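Computed from a predicted model, the values in this text were never measured in an experiment. Each ligand, and each atom within it, is numbered from 1 in the order the structure gives. Only this structure's heavy atoms are used, side chains among them; waters, hydrogens and symmetry mates stay out.
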Amino acid sequence: MQERLAGKSILVTGAGSGIGKAVATRFAHEGAAVVFSDRDGAAAHRAAASCRDAIGVELDVSDEGSVERAYAEIAGRGIALDVVVANAGVQLFGHDAPVADLDLDVWKRTLDVNLTGTFLTVKHAVRALRGRGGSIILTGSPTGLTGEGAEFTAYSTTKAGIHGLTRTVAAAYAREGIRANAVVPGYTETPLVTSISDDPESRAAIVSRIPLGRPGTPADVEGIMVFLASDEAAFATGSLFRVDGGMTTL
Ligand code: ADP
């Protein structure tokens with residue numbers, strides 16, 4: 001198969017598990033040099049170890065010092081980034097709730113990682129890409145577009161914020177050749193999702209709301225991420241790319 005990302009250097013946050021790990025691994029298979037980063041440094045190193053031209057870096061996106069150290073380490077290894085995927089995030093299942101029942105602490109913890117963490121990742125990504133141009137990809141969610149996230153006020157609000165951040169970054173840095181787009185994955189069956197929701201009835205209820213009639217897979221998300229990281233997407237900026245089987249067209 002032709003490698004679509006040969007010659008690109010790519011940082012992915014939250015690459016220790018789930019969608020981030022799948023996407024970062026796919027980037028490596030497409031010929032990119034990949035930096036797997038995660039708050040869980042051991043998970044980042046483990047994930048990177050299975051790829052040819054990859055390293056693992058510990059990075060807590062909610063801590064600006066940690067973000068700065070990670071970017072400095074990457075530059076110090078002589079890696080000039082072309083693409084940054086701001087993917088790290090949390091969803092505090094069992095705590096995030098409809099607004100009247102939502103604890104301030106849960107709200108703050110969610111905003112700290114998902115919104116402030118994405119801001120810090122993107123802030124330092126722009127600084128790293130300046131002068132060369134590049135692509136920034138943010139991970140959004142249908143819960144930030146529709147009432148889909150009624151049970152998850154904090155998470156949904158952060159994702160709406162990420163969609164807004166995507167547009168402001170795209171508009172602010174287009175002249176410098178820096179593109180910013182968001183991928184909006186719908187219900188995606190990662191190994192973790194499959195292991196915690198093995199109840200066939202609730203799965204069937206979710207699938208019944210997906211016009212394409214099946215859940216998403218990590219490969220579905222990888223495909224659009226590879227496109228946005230590649231030069232084929234050279235004229236795409238400020239857009240949200242939904243990979244949700246048509247769920248938000250309802
Ligand atoms: P999904 O299935 O949506 O990809 P996961 O929970 O599997 O969700 O993946 C999210 C990743 O983000 C995890 O590897 C987690 O360690 C990472 N992560 C969570 N908080 C932070 C943070 N503050 N900084 C960096 N990575 C984080």
Side-chain angles (χ1 to χ4, degrees), residues 10-27 34-50 54-71 73-74 84-96 105-125 137-144 148-149 152 154-156 158-159 161-162 182-198 203 206 215-222 224-225 242-244 247:
I10 306 183
L11 167 66
V12 182
T13 68
S17 73
I19 291 175
K21 180 180 172 183
V23 165
T25 303
R26 173 71 182 275
F27 286 160
V34 181
V35 181
F36 286 70
S37 72
D38 203 283
R39 178 173 56 187
D40 181 345
H45 283 102
R46 268 198 309 276
S50 65
I55 59 168
V57 168
E58 187 174 317
L59 192 181
D60 177 350
V61 294
S62 64
D63 171 357
E64 188 160 24
S66 172
V67 175
E68 284 177 323
R69 280 193 298 279
Y71 276 98
E73 182 182 340
I74 293 163
V84 174
V85 182
N87 164 79
V90 293
Q91 185 165 8
L92 301 177
F93 289 105
H95 301 284
D96 202 350
D105 176 57
V106 173
W107 168 263
K108 284 185 172 169
R109 279 162 55 207
T110 308
L111 263 69
D112 219 30
V113 178
N114 294 12
L115 202 47
T116 304
T118 302
F119 152 64
L120 292 172
T121 303
V122 170
K123 172 182 173 179
H124 292 279
I137 306 170
L138 299 86
T139 304
S141 169
T143 63
E148 210 42 64
F152 306 104
Y155 180 81
S156 306
T158 62
K159 292 298 182 176
I162 287 170
V183 171
V184 180
Y187 180 71
T188 306
E189 285 191 330
T190 60
L192 179 70
V193 168
T194 312
S195 72
I196 55 177
S197 60
D198 55 358
R203 183 179 185 276
I206 293 170
T217 66
D220 292 319
V221 182
E222 291 161 24
I224 199 91
M225 290 270 190
R242 304 180 197 194
V243 194
D244 66 357
M247 197 153 98

Peer 1: Can you tell me if Ala43 has a non-hydrogen atom under 4.0 Å from ligand 1?
Peer 2: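 Contact check Ala43 vs ligand 1: negative.
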Peer 1: To check you understand the geometry: which heavy-atom pair defines the closest contact between Thr121 and Tyr71, and what is its length?
Peer 2: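 Taking every non-hydrogen atom into account, O-OH, 2.8 Å.
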Peer 1: Within the structure, does Ile19 bring an N/O atom to less than 3.5 angstrom of an N/O atom in ligand 1?
Peer 2: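 Right, the criterion is met.
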Peer 1: For Glu68, give me all partners under salt bridge (charged side-chain N to carboxylate O under 4.0 Å, His left out), at least two apart in sequence or on another chain.
Peer 2: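 Not a single residue meets the salt bridge (charged side-chain N to carboxylate O under 4.0 Å, His left out) criterion with Glu68.
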Peer 1: Can you list the residues that meet the ring pair (Phe, Tyr, Trp, His ring centres under 6.0 Å) rule with Phe119, with sequence neighbours excluded?
Peer 2: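 So Phe119 forms no ring pair (Phe, Tyr, Trp, His ring centres under 6.0 Å) with any residue.
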Peer 1: How far is atom 19 (C) of ligand 1 from the closest protein heavy atom, and which atom is that?
Peer 2: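 Answer for atom 19 (C) of ligand 1: Arg39 NH2, 3.5 Å.
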Peer 1: To check you understand the geometry: which heavy-atom pair defines the closest contact between Ala24 and Ala15, and what is its length?
Peer 2: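 That closest heavy-atom pairing would be CB-CB, 4.1 Å.
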Peer 1: Just by distance, with hydrogens left out, do Glu64 and His124 show a side-chain donor and acceptor under 3.5 Å apart?
Peer 2: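 Indeed, the side chains of Glu64 and His124 share at least one donor-acceptor pair under 3.5 Å.
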Peer 1: With atoms numbered from 1 as shown, which atoms in ligand 1 lie under 4.0 angstrom from a non-hydrogen atom of Asp60?
Peer 2: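 In order of number, 22 (C), 23 (N), 24 (N).
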Peer 1: Under 4.0 Å from any heavy atom of Leu59, which atoms of ligand 1 are there?
Peer 2: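 Those atoms are 24 (N), 25 (C).
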Peer 1: Looking at every non-hydrogen atom in both residues, tell me the closest pair between Ile19 and Asn87 and how far apart they are.
Peer 2: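 Shortest heavy-atom separation between Ile19 and Asn87 comes out as CG2-OD1, 4.3 Å.
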Peer 1: What's the shortest distance from atom 9 (O) of ligand 1 to any protein heavy atom, and which residue and atom give it?
Peer 2: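 The answer is Ser17 OG, 3.3 Å.
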Peer 1: Between Val61 and ligand 1, does any nitrogen or oxygen pair lie at a separation below 3.5 Å?
Peer 2: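 Val61 vs ligand 1: N/O contact under 3.5 Å present.
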Peer 1: Please report the shortest heavy-atom distance between Ile162 and Leu115, naming the atom on each side.
Peer 2: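 Looks like N-CD1, 4.0 Å.
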Peer 1: Distance under 4.0 Å to a non-hydrogen atom of Gly14: what atoms of ligand 1 satisfy this?
Peer 2: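 Reading through ligand 1 atom by atom, the close ones are 11 (C), 12 (O), 17 (C).
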Peer 1: Just to confirm, does any protein heavy atom lie below 4.0 Å from atom 24 (N) of ligand 1?
Peer 2: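 Yes, because at least one protein heavy atom sits under 4.0 Å from atom 24 (N) of ligand 1.
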Peer 1: Which word best sums up how the rings of Phe93 and Phe152 line up, parallel for under 30°, tilted for 30 to 60°, or perpendicular for over 60°?
Peer 2: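 If you compare the ring of Phe93 with that of Phe152, the planes turn out perpendicular.
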Peer 1: To check your reading of the model: name the closest protein heavy atom to atom 8 (O) of ligand 1, its residue, and the distance in Å.
Peer 2: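 Going atom by atom, the protein heavy atom closest to atom 8 (O) of ligand 1 ends up being Gly18 CA, 4.9 Å.
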Peer 1: Where is the tightest heavy-atom contact between Asp40 and Asp38, given as atom of each residue plus distance?
Peer 2: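 So the minimum-distance heavy-atom pair works out to N-OD1, 2.9 Å.
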Peer 1: As an exercise, identify every atom of ligand 1 less than 4.0 angstrom from a heavy atom of Val90.
Peer 2: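 Here the atoms of ligand 1 in question are 19 (C), 20 (N).
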Peer 1: Would you tell me which option among Asp40, Asp38, Thr13 has the nearest heavy-atom contact to atom 16 (O) of ligand 1?
Peer 2: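 It is Asp38 that holds the nearest heavy atom.
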Peer 1: Show the atoms of ligand 1 that are less than 4.0 angstrom away from any heavy atom in Gly89.
Peer 2: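 Near Gly89, meaning under 4.0 Å from one of its heavy atoms, ligand 1 has 10 (C), 12 (O), 19 (C).
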